[in-house]
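Comments concern the structure below.
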There are 2 protein chains.
Amino acid sequence: MTHFNERLGAGGFRFTPQRQRVYEVLMETRDHPTAEEVFIRAKKRMPEISHATVYNCLDALVQSGLARQVTLERGATRFCPNMEEHCHYHCEDCGEVFDVALPKNSTLLPRPKGFKIARYDIAVHGVCADCAAKAKK
Amino acid sequence: MTHFNERLGAGGFRFTPQRQRVYEVLMETRDHPTAEEVFIRAKKRMPEISHATVYNCLDALVQSGLARQVTLERGATRFCPNMEEHCHYHCEDCGEVFDVALPKNSTLLPRPKGFKIARYDIAVHGVCADCAAKAKK
DNA sequence: CTATATGCAAATAGTTTGCCTGTTA
DNA sequence: TAACAGGCAAACTATTTGCATATAG
């Protein structure tokens, strides 16, 4: 997991088992967990890990470009380790969040002059195919 | 303010002075206030208004299409009454949020089959022109 | 007149902090 | 061995809830 160490280091963060564990959790199940969910999953194999540490680790991962925050609605912030350009499709029925790659050269974003774009988040809300099918029955 | 009443009614909500006041607050200053900020401003001209009522009213406005929620980062949800297609440009230096209209026919969003899009939020993070200028000095 | 909304206060998330101990580089 | 990070518990902030009272339609 050398990419992990490099990234952490580049961000000015040290390697710790907790950070690794939190990253593993994100990579294992790509379901955009909340910090609380990450905490519960991380705890399964690292029972001493604390709440505060999970928040710390998530911050470190976000700051070193290993994860993103996703804030969809009121409620807990979610996290995902997919660093490619993508949007989040959020099903309002089942609550699932799907990553959808952005088409290359999508001429989408306005570039107001002077504004330096660092990153952007696109969240699309609606109803997923499965839930739409169920609703029809 | 007939548009307001129509909208509320269509959403299945009753007119109340509190809802009107909350909507006024959003319309007066388009600075994407948090619920707490709305509460403080609403209270100035309606001292009896309560915290819970402000949250209620904001929900009613969102559900009847009179306002949108904007969730930018960890922290409080913000609200805006601009219902046109637009993105939010968020300056990480000064914290301001600017509305920027989306170009017509921007072919931006992937349409994964089966997914019924209800609405989407585009948040662009970076540094605004003013802050960039200040940083250079 | 009745369903719905408000006001209040207390409860419940979600997140951060302080302080002391442990660990990485 | 000197920062930096973790653990724990408590503090804070954001949001929700329960219930009695008020009010819009």
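Just so you know, these numbers use all the heavy atoms, side chains as well, and skip hydrogens, waters and symmetry mates. Note on naming: letters A, B, ... go to the chains in the order of the sequence lines (proteins, then strands), and numbering restarts at 1 for each one.
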Scan I40(B), V38(B), D59(B) and name whichever one has a side-chain contact (heavy atoms from CB on, under 4.5 Å) with V54(B).
V38(B)
Are any of Q18(A)'s side-chain N or O atoms less than 4.0 Å away from OP1 or OP2 of dT23(C)?
no
S50(A) side chain N/O closer than 4.0 Å to the phosphate oxygens (OP1, OP2) of dG6(D)?
no
With rounding to the nearest 0.5 Å, note down the distance linking CZ in F15(B) to CG in N5(B).
6.0 Å
Between [X] and [Y] (side chain of the first, backbone of the second, donor and acceptor by atom type, cut-off under 3.5 Å), is there such a pair?
X	Y	result
E37(A)	T34(A)	yes
T71(B)	T71(A)	yes
R7(B)	L61(B)	no
Y89(A)	P110(B)	yes

Excluding sequence neighbours, so at least two apart, what forms side chain to side chain donor-acceptor pair (under 3.5 Å) with R41(B)?
D31(B)
Protein-nucleotides 13-17 of chain C N/O pairs closer than 3.5 Å?
from: dT15(C); atom 1: OP1; to: T77(A); atom 2: N; distance (Å): 3.3
from: dT15(C); atom 1: OP1; to: T77(A); atom 2: OG1; distance (Å): 3.0
from: dT15(C); atom 1: OP2; to: Y55(A); atom 2: OH; distance (Å): 2.8
from: dT16(C); atom 1: OP2; to: R74(B); atom 2: NH1; distance (Å): 2.8

Dump the pairs, protein N or O against N or O of nucleotides 22-25 of chain D, anything under 3.5 Å, distances to one decimal.
from: dA24(D); atom 1: O3'; to: F15(B); atom 2: O; distance (Å): 3.2
from: dA24(D); atom 1: N3; to: R14(B); atom 2: NH1; distance (Å): 3.3
from: dG25(D); atom 1: OP1; to: F15(B); atom 2: N; distance (Å): 3.1

Rounded distance (Å) that lies between atom [atom2] of [N] and atom [atom1] of [X]:
X	N	atom1	atom2	value
E73(B)	dA14(D)	CD	C1'	16 Å
L58(A)	dG6(D)	CG	P	11 Å
R21(B)	dA5(C)	CZ	C1'	18 Å
E48(B)	dT21(D)	CD	C1'	14 Å
F39(B)	dA9(C)	CZ	C1'	12 Å
I49(B)	dA5(C)	CD1	C1'	11 Å

Side-chain atoms of residues 93-103 of chain B: list all donor-acceptor pairs with protein atoms under 3.5 Å, sequence neighbours left out, distances to 0.1 Å.
from: D99(B); atom 1: OD1; to: H32(B); atom 2: NE2; distance (Å): 2.7
from: D99(B); atom 1: OD1; to: H88(B); atom 2: NE2; distance (Å): 3.3
from: D99(B); atom 1: OD2; to: N82(B); atom 2: ND2; distance (Å): 2.9

Taking the six-membered ring for Trp, are F39(A) and H51(A) parallel (under 30°), tilted (30 to 60°) or perpendicular (over 60°)?
parallel
Are M27(B) and L58(B) joined in one hydrophobic group, where the rule is that I, L, V, M, F, W and Y side chains link up if heavy atoms are under 4.5 Å apart?
yes
Solution key, residues 42-49 of chain B side-chain donor-acceptor pairs under 3.5 Å, sequence neighbours excluded:
from: K43(B); atom 1: NZ; to: P47(B); atom 2: O; distance (Å): 3.2
from: R45(B); atom 1: NH2; to: E24(B); atom 2: OE1; distance (Å): 3.4
from: R45(B); atom 1: NH2; to: E28(B); atom 2: OE2; distance (Å): 3.1

At 10 degrees resolution, what angle do the end axes of the helix from dC1(C)-dG25(D) to dA25(C)-dT1(D) form when each is taken over five base pairs?
50°
